[in-house]
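Below you'll find the structure, written out as structure tokens, and then a few comments.
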Amino acid sequence: MTRGKSAPDARGARSPAEFIACLQALKDWSGLTYRQLSARAEARGDVLPRSTVANMLARTTVPRAELLAAFVRACGATPEAVAEWEAVRKELAVRGRSEPPSPGAEPVDGEDAEDLEDPEERDEEDRDEEERSLAWPVPEPAPDAGDTTPARIPAPPRARLRRLLVGVVAVTALVTATVSIVVFLRGGDPGGHQGPPVLTAPAEGPVRIRVIGSDLCLGERRGGRTGQIYQRSCAGAAVPQYSLKRLDGADWRIVSDHPDYGPGCSGLPSGGRPAEAALEDSECGDTTRVERFTLEPYGTPVTGYRVRPAGSATPDTCVTVLGDPKAEWSRLAQSPCRADARGQLFSFDRRS
């Protein structure tokens with residue numbers, strides 16, 4: 001669908017599955033990615049995580065009312081249209097609760113199940129569970145009259161606590177010793193003082209993309225909506241996790257796996273037409289983005305690998321650390337390839 005047509009509505013939906021299909025049609029009509037929908041919702045004061053939208057469109061039950069309203073608003077619907085969507089959603093929800101489930105129907109679970117439960121009943125169950133978890137163990141039953149085996153006297157709470165603390169200390173000491181041995185065998189020491197990182201050539205599979213010169217790694221800000229990629233401390237660069245996928249010829253794809261937004265690809269927006277188009281993570285397959293890269297060795301001997309956008313509208317560019325090339329949170333974007341490759345060289349360290 002194109003934005004020039006009128007927005008789809010759900011007035012013809014007769015089942016939750018048809019309602020979800022109408023929501024998918026509305027997203028297609030908007031032309032927005034999950035990440036763009038999240039950003040538009042946030043600008044309006046709504047909360048609409050990308051993963052939540054993806055889960056909503058994959059379900060066969062109607063979404064919660066507040067989620068529906070935030071999604072429809074983000075797609076560009078008018079207030080009148082939002083009210084129509086909410087009315088259809090309410091009708092389907094009421095109908096689904098009043099009708100007995102058909103044989104083989106999907107059971108209600110997750111967020112929809114919470115709408116049908118009694119909050120006070122849940123609170124009472126939680127309190128009972130908490131009381132059970134805090135109670136001391138029940139003493140063992142008394143032995144039979146004919147049993148001559150001496151009864152075991154339960155240890156008092158203080159003794160049990162003392163034995164527990166001793167066990168915890170012993171396990172902690174064992175773990176510390178094991179870590180020290182592993183670090184020693186790897187050529188380091190418990191203080192973490194190791195030799196310089198080794199340059200690693202690109203290969204398919206999980207990687208940590210490290211910037212040569214700063215020894216910082218690529219990643220996003222947790223909770224950010226734009227997908228902008230920065231250089232940050234390698235110790236915290238797990239958002240998202242990256243992998244390399246080889247394409248035809250000499251091209252590669254940088255695949256991302258975000259804990260909140262799910263799988264995606266690194267790329268440049270608008271076909272790379274802006275001179276300093278940002279390197280961003282978003283959904284794969286957007287034809288308006290540059291998502292293919294050539295990973296080019298630099299220097300003799302090789303001192304790093306350039307990441308060159310393949311098919312960018314701006315020729316002779318490399319993925320570059322802008323601003324201070326050694327500062328944490330400097331952002332990455334395309335920029336003209338430099339003769340000295342400063343801020344443009346990377347290592348693709350293996351990630352287990």
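What you see is a predicted model; the values in this text were computed from it and never measured.
Gln228 places a side-chain N or O within 3.5 Å of a backbone atom of Leu332 that can act as its donor or acceptor partner. Arg89 places a side-chain N or O within 3.5 Å of a backbone atom of Pro63 that can act as its donor or acceptor partner. With hydrogens and angles ignored, the 3.5 Å screen pairs no side-chain donor or acceptor of Gln241 with any backbone N or O of Pro206. Arg289 places a side-chain N or O within 3.5 Å of a backbone atom of Glu280 that can act as its donor or acceptor partner. Between the Glu291 side chain and the Gly285 main chain, a donor and an acceptor come within less than 3.5 Å of each other. Looking only at distances, no side-chain donor or acceptor of Thr200 sits under 3.5 Å from a matching main-chain atom of Ser347. Looking only at distances, a side-chain donor or acceptor of Thr314 sits under 3.5 Å from a matching main-chain atom of Arg273. Side chain of Ser335 to backbone of Glu276: no donor-acceptor contact under 3.5 angstrom is found. Put simply, the side chain of Ser256 never gets that close to the backbone of Ser266: no donor and acceptor are under 3.5 Å apart. Checked by atom type and distance alone, the side chain of Glu18 pairs as donor or acceptor with a backbone atom of Arg14 at under 3.5 Å.
Legend: disulfide bond (SG atoms under 2.5 Å apart) pairs involving residues 321-352, not counting sequence neighbours, sorted by first then second residue: Cys318-Cys337.
At a threshold of 4.0 Å, the pair Glu86-Lys90 does not count as salt-bridged, since none of the basic side-chain nitrogens sits closer than that to a carboxylate oxygen. Salt bridge Glu220/Arg35: present, at least one basic N to carboxylate O contact under 4.0 Å. The pair Asp46-Arg40 fails the salt-bridge criterion, with no side-chain N (NZ, NE, NH1 or NH2) lying under 4.0 Å from an Asp/Glu carboxylate O.
Linking ILVMFWY side-chain heavy atoms closer than 4.5 Å, directly or via other members, places Val207 and Val239 in two distinct hydrophobic clusters. Grouping the Ile, Leu, Val, Met, Phe, Trp and Tyr side chains by contacts below 4.5 angstrom, directly or via other members, places Ile209 apart from Leu216. Note: the hydrophobic cluster containing Val255 does not contain Trp252 (ILVMFWY, side chain heavy atoms under 4.5 Å, direct or indirect links). Residue Leu322 is not grouped with residue Phe346 when hydrophobic side chains (ILVMFWY) are merged at heavy-atom distances under 4.5 angstrom, including chains of intermediate members. Connection of Leu247 to Val319 is not established within any shared hydrophobic cluster, with ILVMFWY side chains joined at heavy-atom distances below 4.5 Å, either directly or through further cluster members.
Residues Leu244 and Phe293 fail the side-chain proximity criterion, which asks for heavy atoms closer than 4.5 Å. Taking 4.5 Å as the limit, some side-chain heavy atom of Leu279 sits within range of a side-chain heavy atom of Leu268. Annotation: side chain of Leu48 is in contact with side chain of Leu67 (closest heavy-atom distance under 4.5 Å). At least one side-chain heavy atom of Arg338 sits under 4.5 Å from a side-chain heavy atom of Thr320. Asn55 is not listed as a side-chain neighbour of Thr52, based on a closest heavy-atom distance of 4.5 Å or more. The side-chain heavy atoms of Phe348 and Val307, taken from C-beta on, include a pair separated by under 4.5 Å. Using a 4.5 Å heavy-atom cutoff, the side chains of Gln231 and Glu328 are not in contact. For the pair Tyr34/Leu57, a side-chain contact is recorded, criterion being any heavy-atom separation below 4.5 Å from C-beta on.
Glu283 CD to Thr33 OG1: the interatomic distance, rounded to the nearest 0.5 Å, is 4.5 Å. Taking CD1 of Ile229 as the reference point, atom CD1 of Ile254 lies at 7.0 Å (rounded to 0.5 Å). Atom-to-atom distance recorded for Arg331:CZ and Leu218:CG is 14.0 Å, nearest 0.5 angstrom. Rounded to the nearest 0.5 angstrom, Cys75 SG and Gln36 CD are separated by 11.0 Å. Considering CG of Asp251 and CZ of Arg308, their distance stands at 12.0 Å, rounded to 0.5 Å. Interatomic distance, Lys326 NZ to Asp215 CG, rounded to the nearest 0.5 Å: 9.0 Å.
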Checklist entry - Given the rule in the side chain to side chain contact (heavy atoms under 4.5 Å, CB included) test, do Leu32 and Lys27 qualify, once you have shown the distances and angles that lead to the verdict? => result CA-CA 7 Å; Leu32 301 173; Lys27 178 186 177 297; over 6 Å; no

Checklist entry - Where do Val62 and Leu68 land on the side chain to side chain contact (heavy atoms under 4.5 Å, CB included) test, with the steps shown first? => result CA-CA 9 Å; Val62 293; Leu68 171 67; over 6 Å; no

Checklist entry - Taking it one step at a time, do Arg222 and Asp260 satisfy side chain to side chain contact (heavy atoms under 4.5 Å, CB included)? => result CA-CA 9 Å; Arg222 185 69 183 267; Asp260 301 325; 2.9 Å; yes

Checklist entry - Does the pair Ile212 and Tyr305 meet the rule for a side chain to side chain contact (heavy atoms under 4.5 Å, CB included), with working shown? => result CA-CA 9 Å; Ile212 303 298; Tyr305 293 84; over 6 Å; no

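Side-chain contact annotation: Arg59 with Thr61, donor-acceptor N/O pair under 3.5 Å present.
With Tyr230 as the aromatic partner, Arg221 meets the cation-pi criteria of under 6.0 angstrom to the ring centre and within 45 degrees of the ring axis.
For Pro269 against Ala278, the heavy-atom pair with the smallest separation is CD-O, 3.1 Å. Closest heavy-atom contact between Val72 and Leu23: CG2-CD2, 4.4 Å. The two residues Ala25 and Pro8 make their nearest non-hydrogen contact at O-CG, 3.7 Å. Contact record, Gly219 with Arg232: CA-CD, 4.1 Å, taken as the closest heavy-atom pair. Summarising the geometry of Ser312 relative to Gly272, their closest heavy-atom pair is OG-O, 3.4 Å, with the distance given to 0.1 Å. Nearest heavy-atom pair across Ala310 and Thr294 is CB-OG1, 4.3 Å.
Applying the ring pair (Phe, Tyr, Trp, His ring centres under 6.0 Å) criterion to Tyr261, with sequence neighbours excluded, gives His258.
The number of heavy-atom neighbours closer than 6.0 Å to CZ of Arg342, taken from other residues, nucleotides and ligands shown, is 12 or below. The number of heavy atoms from other shown groups lying within 6.0 Å of CZ (Arg350) is above 12.
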